[in-house]
Amino acid sequence: MKYGKRLAGTVITASALLGTALATTPAASATPAASTPAASTTAASLRGTAPACVKRDVIKHRKYVKVTNHCGRAMHLKVVIDWGNDSPCLTYQPNQQWEWNWGRGSYGKVVTC
């Protein structure tokens, strides 16, 4: 019986020390220290959701999407499949279209890359 009480006391002490260590550890900064507006604008334009001028025709139950670039310039685009394999990043010229089928997962979105 003494062993059980001693073990319980050790577990409580270890938990208290761990809690104290976690509470006193400084939190990570949410913003990068050396971020500049120009750098963040460039990064956002490279990895954001594709603009509205990119048409998406999705048939989810057939696991099929056709992407058409109606923008006035070349676009680097990728189809994101939730819980599955994404398409490769491809360059679409104006009015060019491309089809993508996937096996596992579901359609997520089209992003720039």
Side-chain angles (χ1 to χ4, degrees):
M1 194 66 155
K2 288 182 182 180
Y3 179 74
K5 288 181 180 178
R6 214 175 340 159
L7 180 61
T10 304
V11 170
I12 292 170
T13 303
S15 297
L17 289 174
L18 180 60
T20 303
L22 292 174
T24 58
T25 304
S29 175
T31 57
S35 177
T36 61
S40 62
T41 302
T42 304
S45 65
L46 293 177
R47 292 176 296 197
T49 301
C53 58
V54 175
K55 183 178 178 188
R56 303 119 165 119
D57 295 314
V58 182
I59 304 174
K60 287 188 176 187
H61 68 277
R62 291 192 179 169
K63 299 189 181 220
Y64 165 87
V65 62
K66 179 170 62 173
V67 180
T68 307
N69 178 10
H70 289 297
C71 303
R73 59 186 171 91
M75 298 290 294
H76 303 285
L77 302 170
K78 169 176 154 172
V79 177
V80 175
I81 303 300
D82 295 335
W83 305 103
N85 294 328
D86 298 345
S87 74
C89 182
L90 299 172
T91 302
Y92 293 78
Q93 297 302 322
N95 297 316
Q96 184 181 11
Q97 66 184 15
W98 184 71
E99 299 174 352
W100 177 253
N101 290 303
W102 63 93
R104 185 179 61 216
S106 62
Y107 171 81
K109 60 185 173 180
V110 177
V111 297
T112 57
C113 50

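- Taken from CD1 in Ile81 to CZ in Arg104, the straight-line distance is 11.5 Å, to the nearest 0.5 Å.
- Rounding to the nearest 0.5 angstrom, the gap separating the NZ atom in Lys55 from the CD atom in Gln97 is 8.5 Å.
- Looking only at side-chain heavy atoms (C-beta outward), Tyr64 and Glu99 come within less than 4.5 Å of each other.
- Proximity of Leu77 to Cys89: side-chain heavy atoms (C-beta onward) are nowhere separated by under 4.5 Å.
- Contact of the Val67 side chain with the Val79 side chain is registered, since non-hydrogen atoms from C-beta on lie closer than 4.5 Å.
- His76 and Thr112 share no side-chain donor-acceptor pair at under 3.5 Å.
- The distance from the CG atom of Asp86 to the NZ atom of Lys109 is 10.0 Å, given to the nearest 0.5 Å.
- In this structure, Trp100 has its ring center no closer than 6.0 Å to that of Trp102.
- Clustering ILVMFWY residues whenever any of their side-chain heavy atoms sit less than 4.5 angstrom apart, transitively, puts Trp98 in the very cluster that holds Val58.
- Under a cut-off of 6.0 angstrom, the local environment of CG in Asn85 is sparse, with at most 12 non-hydrogen atoms contributed by other residues, nucleotides or ligands.
- Tyr92 is listed as a side-chain neighbour of Leu90, based on a closest heavy-atom distance under 4.5 Å.
- A donor-acceptor pair under 3.5 Å is formed between the side chain of Asn69 and the backbone N or O of Gln93.
- Residue Arg62 comes nearest to Asn101 through the heavy atom pair O-OD1, 4.3 Å, listed as atom of the first residue, atom of the second, then distance.
- Side-chain contact between Pro51 and Cys71 is present, with heavy atoms from C-beta onward closer than 4.5 Å.
- No side-chain heavy atom of Asn95 sits less than 4.5 Å from a side-chain heavy atom of Thr68.
- Distance check, rounded to the nearest 0.5 Å: NZ of Lys63 to OH of Tyr107 gives 15.0 Å.
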